[in-house]
Amino acid sequence: IDESLKHLIIIDDNPTRILEKQKRNLREIPKYNPDEYLNAKLETKNTLIQNYFEGFLPVIVDEIKEAAEYSEKNKISFVEAYYPYSADASAEMLMLLKEGYNMKETIKIIRENMKIFEPKFFFYEEKNK
């Protein structure tokens, strides 16, 4: 077991199950609704809904591959490389995308500037790091 959590990500649709210190490891995904998916696939033939639900896992697999390659190339932990995709970085990711950066640029900015996105608000945070 990796007690340091440096090589572990958690993929979940419910962030309330995650401890605060695990948010950096969390890849939050939308809730899966099997009734809506099956209805779209079998009854209404709604390809938009089908593609939405079928697209979750391939996106995450691509993120994992990209982060693993970056981790190895840059000699950092997998979790550090995966940080832009984590729940902890989701607000920064969204804001940079809305500011006009593309996904590749956004990931690079977040990775290279992690410290500006994780300010220490309390005196005890400084002592623990």
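The first residue in the sequence is number 1, and the count goes up from there.
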Legend entry - Shortest non-hydrogen contact between Ile49 and Asn46, atoms and distance: N-OD1, 3.2 Å
Inset, instruction - Enter the distance from Lys108:NZ to Asn102:CG here, rounded to the nearest 0.5 Å. - result: 11.5 Å
Inset, instruction - May I ask whether Met103 and Ile110 are part of the same hydrophobic cluster, defined by side-chain heavy atoms of I, L, V, M, F, W, Y residues being less than 4.5 angstrom apart, directly or through others? - result: yes
Legend entry - For the student: nearest non-hydrogen atoms of Asn33 and Phe53, plus distance: N-CE2, 3.5 Å
Legend entry - Separation between CG of Leu97 and CD of Glu105, rounded to the nearest 0.5 Å: 9.5 Å
Inset, instruction - Could you tell me whether the side chain of Ile76 reaches within less than 4.5 Å of the side chain of Tyr70, counting heavy atoms only? - result: yes
Inset, instruction - Using modelled atom types only, decide if a donor and an acceptor are shared between the side chain of Lys23 and the backbone of Ala87 within a distance under 3.5 Å. - result: no
Legend entry - Which atom of Ala67 lies closest to which atom of Ala81, heavy atoms considered: O-CB, 3.3 Å
Inset, instruction - May I ask you to check whether over 12 heavy atoms, not counting those of Tyr37, lie within 6.0 Å of atom OH? - result: yes
Inset, instruction - Can you measure from CZ (Arg27) to CD1 (Ile11) and round to the nearest 0.5 angstrom? - result: 8.0 Å
Inset, instruction - Would you give the length of the straight line joining atom CZ of Arg17 to atom CG of Asn14, rounded to the nearest 0.5 angstrom? - result: 4.0 Å
Inset, instruction - Report yes if some heavy atom in the side chain of Asp12 is under 4.5 Å from a heavy atom in the side chain of Glu28; otherwise report no. - result: no
Inset, instruction - Find out if a path of hydrophobic residues (ILVMFWY) with successive side-chain heavy-atom gaps under 4.5 Å connects Leu94 to Ile107. - result: no
Legend entry - Polar side-chain atom of Gln22 near backbone of Leu19 as donor-acceptor pair, under 3.5 Å: yes
Legend entry - Atom pair CG (Asp88) and CE (Met93), whose distance is rounded to the nearest 0.5 Å: 12.5 Å
Inset, instruction - Test Arg111 against Glu66 for salt bridge (charged side-chain N to carboxylate O under 4.0 Å, His left out), laying out the working first. - result: CA-CA 13 Å; Arg111 281 184 179 143; Glu66 188 276 331; 2.7 Å; yes
Inset, instruction - Test Tyr101 against Ile109 for side chain to side chain contact (heavy atoms under 4.5 Å, CB included), laying out the working first. - result: CA-CA 9 Å; Tyr101 295 97; Ile109 290 167; 3.6 Å; yes
Inset, instruction - Report yes if the side chains of Ser86 and Tyr83 come closer than 4.5 Å at any heavy-atom pair, otherwise no. - result: yes
Inset, instruction - Could you pull out the closest heavy-atom pair between Phe78 and Ile9, with the gap in Å? - result: CE2-CG2, 3.6 Å
Inset, instruction - Using distance alone, with no hydrogens and no angle criterion, decide if Ser77 and Glu80 have a side-chain donor and acceptor under 3.5 Å apart. - result: yes
Inset, instruction - Give a yes or no on whether Met114 and Val79 share a hydrophobic cluster (residues Ile, Leu, Val, Met, Phe, Trp, Tyr; joining criterion: side-chain heavy atoms under 4.5 Å apart). - result: no
Side-chain polar contacts of residues 55-62 - donor-acceptor pairs under 3.5 angstrom, sequence neighbours left out - could you list them?
none

Legend entry - By salt bridge (charged side-chain N to carboxylate O under 4.0 Å, His left out) - contacts of Glu54 (at least two apart): Lys41
Inset, instruction - Output the distance between atom OH (Tyr82) and atom CG (Leu8), rounded to the nearest 0.5 Å. - result: 11.5 Å
